[in-house]
Amino acid sequence: MKNVLLLGATGSIGKSVLSVISQNKESLNLIGISFNKNVSRYQEILEKHSPDYVYIEDHDSFKSLCSKDKERYLNGDEELERLINRDDVDIIVCATSGFAGLKTAYIASKTGKKILLANKESIVAGGDLILSLAKANNTKIIPIDSEHNAIFQCLSGEKSTEDVKSITITASGGPFINASIQELQHVTVEDALNHPNWKMGKKISIDSATMMNKGLEVIEAFWLFKMNPSKIEIIVHPQSIIHSMVQFKDGSIKAQLGVPDMKIPIQYALTYPRHLSSNWERLDFFKCGDLTFQEPDFERFPSISLAFRALDLLGTAGTALNLANDITVGLFLNEQILFTDIPRINEVILEEHPWIENPTLEDITNLEEWVKEKIYNL
Ligand code: NDP
Ligand code: MG
């Protein structure tokens, strides 16, 4: 039996993880969870899964619950660190959204445990730091972002990444795949949240619409697979059936396919290296229609180029881009800026932030204040 700590349990990834745990009760146990302030969703989780430990980031939400059970409810950085380091926690799922995930990924990377990583922002913001710590402490990171999980599966069993010619990250193209630059200026929050293939949290849905999600995934792939940026390509594949591919030097290409359902990469990562049975929908080749491919449009979706630029710069560039994007997505969701302002402002921050070559966690955290202030004064 493996004990799972699920960070970000009240979110979309959290829901899929809980479903996979329910289907694998004989081998997986939910020992603890975390969330920010969604107490009503938490009550549903409590009823069904009854986790022993519950870390709540938001202090008011913590206060509203903690008097009921002092042992179960935790709050504050020290308690979070203690929870992650508990001897009886075997697997840590990092599924918090946004930059907030950096703190947990940083602590988890030092544990020597197995981490399932959904929070790509933590790798984009602090990839060098987290992967060095994971290596030094023998922590196993398995990505559950569908593209990176696909690449992880394609590389599984291969002797050396030296044989890899390139990796191809597939992109659905999001809800505005065919929109003109003029149309993009006037899209509403509702339009942008309406992803054609995946049901996800708000932040990542907007990232998919701007294609910043692909940009973040390029940076994520760079760190996770130690892949030179010139070997990483993006192909728009609107059906989201091929989740990503690896091309080897001899011309052989491996791809991982399946219906777009996050439970598949999640179960594989939780029960790695097994592919255990499941009861969810399967891909039917006779019903899924044509699989099509097109080149990404860097002009309509400048976020992809920003990610490659961040990889040219390295140092704090990924951190700055990611921080800027967290804030601009929030401003767009509050209808304070236009959709096309998101990459425009992100670029200003990427180019103008006080760049540091080898940032510490403190440098990365301090940059947050600078970025916030700069954006609010633009
Ligand atoms: P959601 O917005 O649905 O859920 C986010 C979770 O994080 C919630 O539990 C939320 O708590 C918690 N949270 C938010 N802010 C904080 C904070 N400051 N401190 C602690 N916890 C916090 O996001 P998703 O599940 O869609 O995405 C989670 C991560 O996984 C993201 O990094 C995303 O990029 C990545 N990902 C998601 C995919 C998907 O299909 N959804 C696919 C691939 C990657 P509360 O509910 O209380 O606010
Ligand atoms: Mg993805």
Side-chain angles (χ1 to χ4, degrees), residues 5-19 32-45 51 54-62 64-65 74-77 79-80 83-84 93-105 107 115-125 142-152 169-174 193 195 197-208 210-221 224 234 237 240 242-244 256 260-266 269 322 325-326 329-330 333 368:
L5 171 62
L6 170 55
L7 306 169
T10 48
S12 148
I13 290 283
K15 189 172 182 196
S16 297
V17 173
L18 291 170
S19 167
I33 65 165
S34 85
F35 69 98
N36 187 28
K37 51 168 92 167
N38 190 346
V39 175
S40 65
R41 170 68 189 132
Y42 163 63
Q43 298 288 4
E44 293 169 11
I45 296 173
V54 178
Y55 174 83
I56 308 170
E57 179 75 19
D58 178 61
H59 195 65
D60 291 342
S61 307
F62 166 72
S64 71
L65 289 163
L74 313 168
N75 171 251
D77 287 357
E79 299 225 358
L80 176 64
L83 174 61
I84 292 174
V93 183
C94 293
T96 306
S97 58
F99 186 66
L102 176 66
K103 181 169 73 181
T104 43
I107 302 169
I115 304 182
L116 264 62
L117 189 84
N119 180 271
K120 61 193 88 183
E121 293 92 338
S122 55
I123 295 293
V124 173
I142 304 187
I144 51 178
D145 203 351
S146 58
E147 297 77 4
H148 304 75
N149 191 273
I151 295 163
F152 181 85
I169 299 177
T170 51
S172 69
L193 287 176
H195 195 279
N197 304 342
W198 299 94
K199 274 201 161 36
M200 308 180 285
K202 284 186 178 177
K203 156 80 174 39
I204 186 172
S205 297
I206 302 299
D207 285 345
S208 297
T210 58
M211 290 196 73
M212 186 67 214
N213 186 45
K214 265 332 111 177
L216 297 178
E217 289 180 356
V218 166
I219 301 177
E220 188 185 5
L224 287 177
I234 296 173
H237 164 51
S240 298
I242 298 178
H243 299 306
S244 276
Q256 190 262 339
D261 181 345
M262 289 304 295
K263 294 199 288 301
I264 301 175
I266 288 169
N322 181 65
N325 186 58
D326 257 25
V329 168
L333 284 169
E368 191 174 8

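Along the sequence shown, residues carry numbers from 1. Hydrogens, waters and symmetry mates are skipped; everything else that's a heavy atom, side chains included, is used. Whatever order the structure lists ligands and atoms in, that order sets their numbers, starting from 1.
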Visitor: Run the side chain to side chain contact (heavy atoms under 4.5 Å, CB included) test on Met200 and Met262 for me, step by step, so that the C-alpha distance in whole Å, both residues' side-chain angles and the decisive distance to 0.1 Å come before the verdict.
Guide: CA-CA 10 Å; Met200 308 180 285; Met262 289 304 295; over 6 Å; no

Visitor: If we set the cut-off at 4.0 Å for heavy atoms, which region of Met200 has an atom near ligand 1: side chain, backbone, both, or neither?
Guide: both

Visitor: In ligand 1, which numbered atoms sit nearer than 4.0 Å to a non-hydrogen atom of Lys120?
Guide: 32 (O), 34 (O), 44 (C)

Visitor: What residue and atom, counting heavy atoms only, is the protein's closest point to atom 18 (N) of ligand 1, and at what distance?
Guide: Ala100 CB, 3.3 Å

Visitor: Provide, to 0.1 Å, the distance between atom 19 (N) of ligand 1 and the closest protein heavy atom, together with that atom's residue and name.
Guide: Glu57 CG, 3.3 Å

Visitor: Is Thr96 close to Lys103 at the side-chain level, that is, under 4.5 Å between some pair of heavy atoms?
Guide: no

Visitor: I'd like to know if the side chain of Ser34 and the backbone of Ile56 have a donor-acceptor N/O pair within less than 3.5 Å.
Guide: no

Visitor: Which one holds for Ser16 and ligand 1: side chain close, backbone close, both close, or neither close, with close meaning a heavy atom under 4.0 Å?
Guide: neither

Visitor: With respect to atom 4 (O) of ligand 1, which of Gly101, Gly11, Ser122, Ser205 exhibits the smallest heavy-atom separation?
Guide: Gly11

Visitor: Considering only protein heavy atoms, which is closest to atom 25 (O) of ligand 1, and at what distance to one decimal place?
Guide: Ile13 N, 2.9 Å

Visitor: What protein heavy atom sits nearest atom 48 (O) of ligand 1, and how far off is it?
Guide: Asn36 CB, 3.7 Å

Visitor: Which atoms of ligand 1 sit under 4.0 Å from any heavy atom of Thr10?
Guide: 8 (C), 9 (O), 10 (C), 11 (O), 45 (P), 46 (O), 47 (O)

Visitor: Which residue and atom name correspond to the protein heavy atom nearest atom 23 (O) of ligand 1, and how close is it?
Guide: Ser97 CB, 3.8 Å

Visitor: Do any heavy atoms of Lys203 fall under 4.0 Å from ligand 1?
Guide: no

Visitor: Please work out which of Gly201, Pro265, Ser61 has its closest non-hydrogen atom nearest to atom 2 (O) of ligand 1.
Guide: Gly201

Visitor: Please confirm whether the backbone N or O of Asn119 pairs with a side-chain atom of Asp145, one donor and one acceptor, at under 3.5 Å?
Guide: no

Visitor: His148 side chain to Glu217 main-chain N or O, any donor-acceptor pair under 3.5 Å?
Guide: yes

Visitor: Side chain of Lys214, backbone of Thr170: donor and acceptor closer than 3.5 Å?
Guide: yes

Visitor: Which residue holds the protein heavy atom closest to atom 32 (O) of ligand 1, what is that atom called, and what is the gap in Å?
Guide: Glu121 OE1, 2.6 Å

Visitor: Only heavy atoms count here, so choose which of Asn213, Thr96, Ile204 is nearest to atom 29 (C) of ligand 1.
Guide: Thr96

Visitor: Quick one: list whatever passes side-chain hydrogen bond (donor to acceptor under 3.5 Å, both in side chains) with Glu79, sequence neighbours left out.
Guide: none

Visitor: For ligand 1, which atoms have a heavy atom of Gly8 less than 4.0 angstrom away?
Guide: 6 (C), 7 (O), 9 (O)

Visitor: Show all protein N/O/S atoms under 2.8 Å from the Mg ion (ligand 2), or state that there are none.
Guide: Asp145 OD1, Glu147 OE1, Glu217 OE2

Visitor: With respect to atom 24 (P) of ligand 1, which of Cys94, Ser12, Ser208 exhibits the smallest heavy-atom separation?
Guide: Ser12

Visitor: Let me confirm one number: the OG-CG distance from Ser208 to Leu216, rounded to the nearest 0.5 Å.
Guide: 9.5 Å

Visitor: Is there a donor-acceptor pair under 3.5 Å between the side chain of Asp326 and the backbone N or O of Phe99?
Guide: yes

Visitor: For Ala95 and ligand 1, answer yes if some heavy atom of the residue is under 4.0 Å from a ligand atom, otherwise no.
Guide: yes

Visitor: Are a donor atom and an acceptor atom from the side chains of Asn38 and Thr10 found within less than 3.5 Å of each other?
Guide: no

Visitor: May I ask you to identify the nearest protein heavy atom to atom 35 (C) of ligand 1, giving residue, atom name and distance to one decimal place in Å?
Guide: Ala118 O, 3.2 Å

Visitor: Run the numbers for me: atoms of ligand 1, each under 4.0 Å from some heavy atom of Asn119, listed by number.
Guide: 32 (O)

Visitor: Numbering the atoms of ligand 1 from 1, which are under 4.0 Å from a heavy atom of Lys37?
Guide: 45 (P), 47 (O)

Visitor: By number and element, which atoms of ligand 1 are closer than 4.0 Å to a non-hydrogen atom of Ala9?
Guide: 9 (O)

